Amino acid sequence: MVAGKIKELLRHRESEPERVEDRHLDRFFNLIFWSYFAGAFLFHVYRSDAIPGDWPVVLGFLALGVLWPLLPWEPPSDRRRLLFVPVFLAAAFTVAFLDTGGFAFGFLGIAVANAVFLFGFLRALAYSAGITLAFFLALLVLVPELGFRDALINSLLVLPSLAFVIGICMIAVLAERRKERTQELLSELEAAHAELRRYADRVRDLTISEERNRMAREIHDTLGHYLTVVNVQLEAAGKLIDHEPDRARQEVLKAKELSSQALQEVRRSVRALKPAAMEEQRGPEALERLVREFEASGMRVSFEVSGEERELPPEAALALYRTLQEALTNVLRHSGADRVRATLAFGNPSVRLTVADDGRGAPEDASERGFGLRGLRERAAALDGSLRAANAPGKGFVLELELPLEPAGG
């Protein structure tokens, strides 16, 4: 019984590198089998007094010794090896039945254990029932003096031992199945872990790409704004330096001040990518300050607030600031406008910023090609808002940003 169990556990690892412990264990249980085999044979010889009259038993012992190393303990690839199973059972039955001392009964336990590992629990039960029935019939035929009742009782005494063998072997089988399932789950977990690592790498790459785009938008919005204004003021100073040197000096000083702000903005962008003007003022106040800066360039800009003012989410406030900054910068660079009108309208549940100028307008594909407008559109989409940019019906260009007053997903 135990030998069969251990041999099965050893057999199922044939594909793995053989370990020293396995070799020792295999040798140990082979030693147990052959010791039991020798003991049972010698005990039979001692009880029978003469071997010549017990050739069936001797042949049975010989068959058991030959078949033991050939007996499969899991479904073999060569099904012809299964023929050894009934031959081993027949030899074990012969030896156990004809051995008058009953010492050889353990060979039947080995045969039943072999059936559990090869065929499963239910077939092993049928195996045991067949052995019991064979014992009963053999007793009726070969030992008729026992009678029906005694033959039945003697046969049923076989069942508890065989049932115990089946139970122990099933425990071993179930433990092995759980072990194999654990190995499968571990393999699946390792595969899932590797897949998660690949996904994490992809998410990291996407996050880095998104952050780069965000930084590019911030640098474009910040430095583009300041450099455009500084350039306009220096151009004005160049035109005034011969005729109005005082005004030219004022323009240069303004340009210098804006350059200092740009430098501070760059430093702040490295830290948090948040405009310096929004540190001191928020919402409409920051937008109005931005408008005043542009008015210093000589462009006429008006700014109005309508509706009931409400506190803006930080992300929405930054998006409004960058949108107004980009719109005014584009007016200075491209439109040739004399006047710009900016309106911040609070509604429910959104806020809308509209910037309209009276310039020459923009090419049809300007909103698609321009990095600044594309970046603003991405900002708006990230906040569940919308950005519209188009030429005005008569003259000029209109940029409109609408954002929810609640944070995205809130």
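When a residue number appears, it is its place in the shown sequence, counting from 1. In this text, all values refer to a predicted model and were calculated from it rather than measured experimentally.
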Kindly say whether the aromatic ring centers of Phe136 and Phe148 come within a distance under 6.0 Å.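 Distance test on ring centres: under 6.0 Å, yes.
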Decide side chain to side chain contact (heavy atoms under 4.5 Å, CB included) for Glu293 and Leu290; before the verdict, give the C-alpha distance in whole Å, the side-chain angles of both, and the deciding distance to 0.1 Å. CA-CA 5 Å; Glu293 291 176 358; Leu290 182 61; 3.8 Å; yes
Gap separating the [atom1] atom of [X] from the [atom2] atom of [Y], nearest 0.5 angstrom:
X      : Y      : atom1 : atom2 : value
Leu312 : Tyr321 : CG    : OH    : 14.5 Å
Trp68  : Ile110 : CH2   : CD1   : 5.5 Å
Leu387 : Leu376 : CG    : CG    : 6.0 Å
Asn330 : Glu326 : CG    : CD    : 4.0 Å
Leu405 : Asn348 : CG    : CG    : 7.5 Å
Phe107 : Leu64  : CZ    : CG    : 5.5 Å

Quick one: does [X]'s side chain get under 4.5 Å of [Y]'s, heavy atoms only?
X      : Y      : value
Val85  : Tyr127 : yes
Ile131 : Leu162 : yes
Leu318 : Arg379 : yes
Glu308 : Phe346 : no

Could you check whether atom CD of Glu195 has more than 12 heavy atoms from other residues, nucleotides or ligands sitting under 6.0 Å from it?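 Enclosed.
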How about CG on Leu59, more than 12 heavy atoms from neighbouring residues, nucleotides or ligands closer than 6.0 Å, or not?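 It does: Leu59 CG has more than 12 such atoms within range.
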Take Glu184 and Arg181 through the salt bridge (charged side-chain N to carboxylate O under 4.0 Å, His left out) test and state the conclusion after the steps. CA-CA 5 Å; Glu184 291 176 3; Arg181 179 56 181 160; 3.2 Å; yes
Minimum heavy-atom distance [X]-[Y], with the two atoms named:
X      : Y      : result
Ser350 : Glu402 : OG-OE2, 3.0 Å
Phe397 : Asn391 : CD1-OD1, 3.3 Å
Ile166 : Ala124 : CD1-O, 3.7 Å
Ala389 : Leu399 : CB-CD1, 3.5 Å
Leu401 : Ala319 : CD2-O, 3.9 Å
Phe84  : Leu70  : CD1-O, 3.6 Å

Do the side-chain N and O atoms of Ser386 and Arg388 include a donor-acceptor pair separated by under 3.5 angstrom?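 Looking only at side-chain atoms, Arg388 and Ser386 do form a donor-acceptor pair, the distance falling under 3.5 Å.
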Listed partners of Arg339 passing side chain to side chain contact (heavy atoms under 4.5 Å, CB included), at least two apart: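 Partners of Arg339 by the side chain to side chain contact (heavy atoms under 4.5 Å, CB included) criterion, ordered by chain and then number, come out as Arg300, Ser302, Asp358.
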Determine, step by step, whether Met170 and Val116 satisfy the side chain to side chain contact (heavy atoms under 4.5 Å, CB included) criterion, reporting the C-alpha distance in whole Å, the side-chain angles of both residues, the deciding distance to 0.1 Å, and the verdict. CA-CA 7 Å; Met170 278 307 302; Val116 174; 3.6 Å; yes
Could you walk me through whether Leu403 and Asp384 pass the side chain to side chain contact (heavy atoms under 4.5 Å, CB included) check? CA-CA 7 Å; Leu403 299 174; Asp384 290 345; over 6 Å; no
Apply salt bridge (charged side-chain N to carboxylate O under 4.0 Å, His left out) to Glu304 and Arg341, showing your working. CA-CA 8 Å; Glu304 299 176 0; Arg341 181 179 179 184; 3.2 Å; yes
Gln325 and Arg322: side-chain hydrogen bond (donor to acceptor under 3.5 Å, both in side chains), yes or no, with the steps? CA-CA 5 Å; Gln325 189 179 58; Arg322 292 306 188 198; 2.9 Å; yes
Salt bridge between Arg292 and Glu288, side-chain N to carboxylate O under 4.0 Å?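 Looking at Arg292 and Glu288, the cut-off is met.
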The test is salt bridge (charged side-chain N to carboxylate O under 4.0 Å, His left out); show your working for Glu285 and Arg289 and say whether it passes. CA-CA 6 Å; Glu285 294 80 8; Arg289 178 177 175 178; over 6 Å; no
Given Asp357 and Val355, is the side chain to side chain contact (heavy atoms under 4.5 Å, CB included) satisfied, shown in steps? CA-CA 7 Å; Asp357 65 67; Val355 183; over 6 Å; no
Return the orientation label for the Phe41 and Phe61 ring planes: parallel under 30°, perpendicular over 60°, tilted otherwise.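 Judged by the thresholds at 30° and 60°, the geometry between Phe41 and Phe61 is perpendicular.
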